[in-house]
*Asks:* 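Just passing along the structure, written as structure tokens.
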Amino acid sequence: MKKLLLIIILLNCCVAFSQKTVDVEIKLVNDNDEPLQNVSVRTDDGYLMGVSDWRGELKLRSVKTGDVMNFSHVAYHEMEYKITEEDIKDKYFTIKMYMKFYELPEVTVVENVPHVAYDNKVVSIADYEMNEQGIYLLAHRMRNYSLLHLSYDFDTLAEIELPRKFDRFYKDVYDQIHVLSQDSAYWVGTMKRGDEYVGMVLTMGIRIEQFDYIHAHVSAATDQVIITHLYTNRGQELYYFDIGENEEKKIDTTVLEHIRWEEGCMLMENVRKFGPMGWRGEAQALFEKPIYDPVFNMNNEIFVFNFEDNIINHYDNRAEKLNTFPLTFHKHNSWNNKVRLVEGWNKKVLMDEHNSSFYAVFLNQGVTTLKKIDVAHGTVSNLAVFGGFPFIENLKIYNGKAYFLYANDYTNNKRLYEVAIE
């Protein structure tokens with residue numbers, strides 16, 4: 001009897017052990033074993049467990065043997081994975097994902113085809129930024145990592161060797177460029193001898209937490225006001241504030257815009273009151289990103305694109321409203337008279353500050369289409385289709401030209417491309 005009782009106790013212990021939940025670290029890599037960022041990991045019922053960071057890393061909390069995880073990325077094939085006993089024991093495993101390939105029609109970009117702008121095959125561009133001073137590249141070579149300053153003719157004006165940890169740029173509302181890592185940020189300054197440019201220097205280094213605190217809520221600025229933003233209601237409401245001097249020469253803060261997505265707010269209230277009601281995955285996906293209603297400073301004036309109320313509000317440099325224009329290109333009436341977003345609308349607006357123009361970005365099966373926005377009417381006209389370059393990255397517009405990063409088929413190095421669009 002004692003032996004039978006002992007066996008039962010041991011069996012119960014084994015079952016309990018096999019069902020215990022632990023936190024597990026995972027690493028997402030592509031087919032070249034490089035870290036894969038922005039991979040969504042969901043449970044079998046659609047619950048979002050998290051998104052991989054820039055290192056391709058993610059921690060899954062409270063998982064157990066037999067749990068099924070689904071991995072998805074816009075440019076890679078989705079895959080399903082079942083947690084094993086070995087994963088639970090090691091508390092670590094790696095997932096490799098493979099890129100999607102599409103048969104795309106041959107299309108041209110107006111009269112031109114994108115070409116490699118900075119032609120160095122041994123360099124991979126981690127990030128780039130541009131202003132009136134030129135183009136800045138974070139260039140990754142086999143043995144070193146450097147910051148390059150180029151002219152718009154792609155002559156190298158200056159170069160600084162950097163630690164590998166610096167991986168991205170940030171351009172603030174005053175057109176100043178900063179280089180960032182996971183723990184620090186530096187302003188990229190210029191060195192001059194008289195009026196002659198002699199190089200660049202990294203200065204005013206601060207911790208990334210301080211940098212984020214300073215810049216996180218600043219959206220735009222003129223010579224008179226600073227525009228800040230605040231999201232509420234799980235990102236379904238957006239406030240823009242203007243901060244400047246009043247008539248008494250005192251700093252004053254007022255509400256410039258209050259933008260609210262009614263449908264999203266109502267759904268959020270239902271989730272709070274009644275729970276997910278069986279569609280937790282859909283509700284979770286809805287609130288992964290806030291509403292998109294960007295603000296821009298163009299020619300020292302403010303433009304707010306309000307896609308929820310279908311208007312563009314135009315303000316002067318003191319945040320006084322000048323005009324309101326209709327915004328129509330992003331929505332259409334479907335067959336049942338429901339208003340829907342236009343297929344492929346990527347919720348992205350770009351500004352060419354040099355040519356005083358706005359552009360809308362559309363994405364369909366990896367193909368990016370660029371359309372010029374007529375601000376006065378809120379409509380768009382086709383401008384460029386990047387058909388031969390699926391899933392381009394970091395698209396920017398400057399002085400009538402489009403720039404983007406794209407990894408070629410042979411080295412998988414990201415290279416900077418350029419094409420005239422106007």
Side-chain angles (χ1 to χ4, degrees), residues 29-38 52-56 73-76 99 109 112-171 175-182 184-188 199-200 202 348 350 352 361 363 366 368 370 384 386 388-399 401-421:
V29 298
N30 61 19
D31 43 6
N32 288 320
D33 294 321
E34 299 168 329
L36 193 54
Q37 188 177 0
N38 295 327
S52 62
D53 62 18
W54 64 282
R55 301 183 188 89
H73 186 284
V74 66
Y76 291 78
M99 182 173 285
V109 182
N112 302 307
V113 175
H115 63 276
V116 176
Y118 181 68
D119 195 7
N120 190 329
K121 295 180 181 180
V122 301
V123 169
S124 184
I125 307 301
D127 196 11
Y128 77 102
E129 193 51 85
M130 53 183 61
N131 60 15
E132 62 180 8
Q133 304 294 328
I135 302 174
Y136 298 82
L137 303 180
L138 281 175
H140 182 196
R141 299 182 181 89
M142 184 67 69
R143 292 184 176 83
N144 69 345
Y145 206 69
S146 60
L147 167 62
L148 294 173
H149 182 196
L150 310 178
S151 70
Y152 281 98
D153 293 324
F154 297 96
D155 296 324
T156 300
L157 303 177
E159 180 174 358
I160 298 176
E161 189 167 333
L162 290 179
R164 191 176 292 267
K165 67 178 183 178
F166 290 98
D167 60 352
R168 63 196 187 280
F169 286 114
Y170 179 85
K171 185 164 73 169
D175 218 30
Q176 301 297 314
I177 292 176
H178 309 260
V179 59
L180 279 58
S181 72
Q182 294 300 306
S184 57
Y186 287 82
W187 174 52
V188 181
M200 61 180 170
L202 300 186
K348 189 174 183 64
L350 300 176
D352 183 346
V361 180
L363 183 67
T368 299
L370 195 62
F386 302 92
F389 300 83
F391 299 108
I392 63 176
E393 298 180 38
N394 207 356
L395 177 64
K396 300 180 188 295
I397 312 293
Y398 189 83
N399 195 18
K401 294 181 179 180
Y403 300 84
F404 60 86
L405 296 180
Y406 184 71
N408 67 41
D409 297 332
Y410 304 104
T411 65
N412 208 36
N413 287 340
K414 291 181 183 178
R415 306 174 74 185
L416 180 65
Y417 284 76
E418 176 194 56
V419 61
I421 57 175

*Asks:* Can Glu159 and Arg141 be counted as an ion pair, charged N to O under 4.0 angstrom?
*Replies:*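 Yes, this pair counts.
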*Asks:* Between Leu350 and Asp352, does a side chain to side chain contact (heavy atoms under 4.5 Å, CB included) hold up when you go through it step by step?
*Replies:* CA-CA 7 Å; Leu350 300 176; Asp352 183 346; over 6 Å; no
*Asks:* Any idea which heavy atoms bring Met200 and Ile160 closest together, and the distance?
*Replies:*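 Residues Met200 and Ile160, closest heavy atoms: O-CD1, 3.4 Å.
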*Asks:* Quick one, Lys396 and Glu129 - any side-chain contact, counting heavy atoms below 4.5 Å?
*Replies:*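 Contact flag for Lys396/Glu129 side chains = yes.
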*Asks:* Under 6.0 Å between ring centres, would you say that holds for Phe386 and Tyr417?
*Replies:*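 That pair fails the under 6.0 Å test.
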*Asks:* Please list, chain by chain and in numerical order, all residues satisfying ring pair (Phe, Tyr, Trp, His ring centres under 6.0 Å) with Tyr398, sequence neighbours excluded.
*Replies:*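 Checked Tyr398 against ring pair (Phe, Tyr, Trp, His ring centres under 6.0 Å); matches are Tyr152, His354.
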*Asks:* Start with the C-alpha gap between Leu147 and Phe166, add the side-chain angles, then the distance that decides, and say whether side chain to side chain contact (heavy atoms under 4.5 Å, CB included) holds.
*Replies:* CA-CA 9 Å; Leu147 167 62; Phe166 290 98; over 6 Å; no
*Asks:* Any donor and acceptor pair, going by atom type alone, linking the side chain of Tyr128 with main-chain N or O of Leu405 inside 3.5 Å?
*Replies:*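 Between the backbone of Leu405 and the side chain of Tyr128 there is no qualifying donor-acceptor contact (under 3.5 Å).
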*Asks:* From Leu416 CG over to Phe154 CZ, what is the distance, rounded to the nearest 0.5 angstrom?
*Replies:*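 Leu416 CG to Phe154 CZ: 5.5 Å, rounded to 0.5 Å.
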*Asks:* I'd like to check Leu36 versus Tyr76 (side-chain heavy atoms, cut-off strictly below 4.5 Å). Are they in contact?
*Replies:*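 Of all side-chain heavy-atom pairs linking Tyr76 with Leu36, at least one is under 4.5 Å.
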*Asks:* On a heavy-atom basis, which atom in Ser181 and which in Asp167 lie closest, and how many Å separate them?
*Replies:*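 Heavy-atom minimum between the residues: CA-OD1, 4.2 Å.
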*Asks:* Quick one: pull up CG in Leu370 and CD1 in Ile421 and give me the separation to the nearest 0.5 Å.
*Replies:*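 Rounded to the nearest 0.5 Å, the CG-CD1 separation comes out at 5.0 Å.
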*Asks:* Under the 3.5 angstrom rule, does the side chain of Asn38 hit a backbone N or O of His73 as a donor-acceptor pair?
*Replies:*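 Side chain of Asn38 to backbone of His73, a donor-acceptor pair under 3.5 Å: no, none is there.
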*Asks:* Is there a side-chain contact between Asn120 and Val122 in this structure, where contact means two heavy atoms from C-beta onward sitting under 4.5 Å apart?
*Replies:*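 A side-chain contact under 4.5 Å exists here.
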*Asks:* From Met130 CE over to Lys401 NZ, what is the distance, rounded to the nearest 0.5 angstrom?
*Replies:*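 Output value for this atom pair is 10.5 Å.
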*Asks:* Using every non-hydrogen atom in the two residues, find where Gly199 and Ala158 come nearest and quote the distance to one decimal.
*Replies:*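 Result for this residue pair: CA-CB, 4.0 Å.
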*Asks:* Rounded to the nearest 0.5 Å, what's the gap from CZ on Arg415 to CZ on Phe404? Could you check?
*Replies:*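 The CZ atom of Phe404 is 11.5 Å from CZ of Arg415, to the nearest 0.5 Å.
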*Asks:* Hey, is the main chain of Gln133 close enough, under 3.5 Å, to the side chain of Asn131 for a donor-acceptor pair?
*Replies:*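 Yes, because the side chain of Asn131 sits within donor-acceptor range (under 3.5 Å) of the backbone of Gln133.
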*Asks:* Show your working on side chain to side chain contact (heavy atoms under 4.5 Å, CB included) between Leu202 and Leu162 and close with a plain yes or no.
*Replies:* CA-CA 10 Å; Leu202 300 186; Leu162 290 179; 3.4 Å; yes
*Asks:* Does atom NZ of Lys165 have more than 12 heavy-atom neighbours from other groups under 6.0 Å away?
*Replies:*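 Check passes, neighbour count above 12.
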*Asks:* Find the distance between OG (Ser151) and CD1 (Ile135) and round it off to the nearest 0.5 Å.
*Replies:*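 Ser151 atom OG to Ile135 atom CD1 measures 7.5 Å (nearest 0.5 Å).
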*Asks:* Can you tell me how far CH2 of Trp187 sits from CD1 of Ile177, rounded to the nearest 0.5 angstrom?
*Replies:*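 Going from the CD1 atom of Ile177 to the CH2 atom of Trp187 covers 11.0 Å.
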*Asks:* Do you know which two heavy atoms are closest between Tyr406 and Pro390, and how far apart they sit?
*Replies:*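 The pair with the smallest heavy-atom distance is CE1-O, 3.1 Å.
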*Asks:* Side-chain contact test, heavy atoms from C-beta onward, threshold under 4.5 Å: evaluate it for Leu363 versus Thr368 and give yes or no.
*Replies:*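 A side-chain contact exists here, since the closest heavy-atom pair is under 4.5 Å.
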*Asks:* So which atom in Leu148 and which in Ala139 form the shortest heavy-atom distance, rounded to 0.1 Å?
*Replies:*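 Reported closest heavy-atom pair: CD1-CB, 3.9 Å.
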*Asks:* Locate the shortest heavy-atom distance separating Pro163 from Tyr145; write the atom from each residue and the value.
*Replies:*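 Answer, listing the atom of Pro163 first, then Tyr145: O-CD2, 3.7 Å.
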